[in-house]
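In what follows, every chain begins at residue 1, and chains take the letters A, B, ... in the order their sequences are listed. A quick note: this is a predicted structure, and the numbers were derived from the prediction, not measured.
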Amino acid sequence: MVTELTMPHMGFDMKEGTIVRWLVSEGSTVATGDAIAEIETDKAVVEFESYAEGILHVIVQPEGSTVPVGTVIGIIGDAKESDAAMNYRSEMTILQDTQDSDINSTDTIPDFLETNPPVKEQSTIADQSLEIRASPVAKRYALEHNLDLSLISGSGPGGRITRSDVESAVNQRKNEDSPELSTVIDQIETTPEHFPTSETEVQSVVATNHKPDSPRVPLSKMRQQIARVTYKSKREKPHFYLSSEIDMTQAMLLRSQINDSMKSEGIHVSVNDIIIKACAEALILHPKFNAYFHEDGLQENPSVNIGIAIATDETLDVPAIMNCEMKSLREISIASKDLVQRASAGTLNANEYSGGTFAISNLGMYDITSFLAIIQPPQTAVLAVGSVTQKPIVKENELAIAQMMTATLSADHRIVDGAEGAAFITVIRDLLQNPLQLVV
Amino acid sequence: MPVIDLRDAIGKGLKEALTNNDKVFIMGEDVGEYGGAYSVTRGLLKEFGPERVMDTPISESVIVGAGIGSALAGLRPIVEIMTINFSLLAMDQIVNHAAKLRYMSDGQFTVPLLIRTVTGGGAQLAATHSQSFEGWYASVPGLKVIVPSTPYDALGLIRSALKDDNPIIMAEHALLYGVREEVPNEWYEIPIGKAIVRRKGSDVTIIGHLKTAHIAIEVAKILSSKGKTAEVIDMRSLRPIDTETIIESVKKTNRAVVIDEAWKTGSFAAEIASTIQEQAFDFLDGPVIRIGSANVPSPYAQNLEAAMFPDAKEITETIENVFGL
């Protein structure tokens, strides 16, 4: 039987992928699990492993093409089927030429398409249209204003996106776009004899300088993805924030003891590893912070997969260390190092990209005291960790010096409340202040 | 300006016609001695005599057929069918003859016939006397259908009808004869085929005719008390239909509700709803709501009858639910 290889779905929000490179050529023999192509998603370049064996008869989508998830990209079959498969190429052309012609008519479709009708693709389309429900006028407005409906949440019955939802999105964008400060400053500097004196005047300067077709630097896929995810999160998730100052003296001491004694084994536990371990323990006690929010209910996750934000010059990823609930501090340390290495090599698998159930963002290395992180949908919470610094503290009525760190929890108020957040972050703090619990 | 009710506005129009045009005559069941089942023609027999105001036997087919014949012969008959329920007996005359003769004679003959009849329910007249068929007639090419819901419109539309050379059905609602309004003494006409915006609004367009135009205003008032404004369109004519007024309004409000007292299935509201989605699809912010009577024969019992017909409060709730208003 001929098998259609389709653009895989690698991550919950992946809608399309680009074929960067075919690793095998037409006519090559392929085994299940062989890497046959490199596919670029919003997040990374991932190797595509064949899920069928046989001969790659046809490469349907050439290198460089970007197609929706579920689109046929190649045809694999056994040797006898090469004729049938080769027909595919010509039939594809016919189909593309006559898209609206009777797709069910048997005489124009090769056998393997009949036995394997494109049901998958159809259901994908149906799913998408169910996913985005928008009224006709909302769709038209969105088109006119060049807005992506998938970024707008619907306030109408059944979550339908209505005219007013699109209008507020348009207004919001206007507010975000309007202050082109540099342009205003340029204008002011080049015309020193006339300074805008009122706010309206400044706005009119902005307006006259705003050329809708001035050149734009196209956004990288990564930038688009970050924009989409953070915007969606801030728009949909009512964030609230709780900060806690944590005395890391004991944790730092324990860390250097471990690292001294296990140097020979190549173990080097980072501060972040200890925090991951503490969060894993706290998440076991407070599973709501490990759950996903969906419109139709809360999804509790059986495993604790903690994402760690990894930034490079151009990328920001939050790959997850899977199954932290079963890992010792040592295992977490090994896993996190492996994750960072593979993230920079671009060889993480899709599940690691999208499987996180909680996340930690650590800006300690930049000497940041504290900050507020944006929750990554559909997760419920993220912990933002600042640097560990020596500070004077009052301990048993005496001044003392301690290694202090501020951790700030961002949580989704639809799922958890302030008191629950406080209890959760208190567990993390207590574990970090008494870190021996983390190693037994 | 004198305040008169809808009954007297029609009576005034008839009297004017009899006075101004000697080709006009009236005939129907009980229009003479009895003064009309709804007292619209009272006094006319006395004033104009039995040649101009004729009582007929109980034979709707004959009433309409004789009207067609005299219209073909050059007169301007106004015939009354006591209620639209009985017009079913004259349907062949109306649909196959009155509506066709001008077309089939290639314009050699015209049928300037005004058929007045009474439609609608709500007065506990039970299954065979409470129906609304004006929408049926509005689907027939060759006919015009006018549906005045106010005294002012009734008089203005009669005046236009009596200048029109086509067969026209004027459906009057049994429960609207008492509607009172100022009607000027000066001559005016209401063109056939023009709807009217009774109330301006921006959140939803509510379309009705006859009693449902009044219900639409009630709904608009309820919505207004909740801070939402509804635009109310009274169709006034069902054929020709004033699509322009409807579409213009829906393009503004993006939401439409069509109310009809006929059974929901196959009602004229369905025709209007369909036209809206054809011509204003990209302006809609939600499905077009079609309100009609329950698909049952009208019950006699008061509570059941009330439950069958469109109700302002229920319509308001539907609007709020469907549009999330």
Flag side-chain contact, heavy atom, 4.5 Å: V137(A) against N254(B): yes

Are more than 12 heavy atoms, taken from residues, nucleotides or ligands other than Q302(B), located less than 6.0 Å from that residue's CD atom? no

Would you mind checking which part of R160(A) comes under 4.5 Å of any heavy atom in chain B, side chain (CB onward), backbone (N, CA, C, O), both or neither? side chain

Should we say atom CD of E244(B) is surrounded by more than 12 heavy atoms from elsewhere, each under 6.0 Å from it? no

Could you check whether atom CD of E295(A) has more than 12 heavy atoms from other residues, nucleotides or ligands sitting under 6.0 Å from it? no

Heavy atoms only: give me the nearest G286(B)-S135(A) pair and the separation to one decimal. N-CB, 4.1 Å

Using modelled atom types and a 3.5 Å cut-off, is there a donor and acceptor pairing between side-chain atoms of D285(B) and backbone atoms of R163(A)? yes

Within a radius of less than 6.0 Å around CG of N146(A), do more than 12 heavy atoms belonging to other residues, nucleotides or ligands occur? no

Residue, of S164(A), S155(A), P157(A), that accumulates the most heavy atom pairs under 4.5 Å with chain B: P157(A)

So which residue, N321(B), D282(B), V322(B), L325(B), ends up with the most heavy-atom pairs under 4.5 Å with chain A? D282(B)

Does Q279(B) have more than 12 heavy atoms from other residues, nucleotides or ligands lying within 6.0 Å of its CD? yes

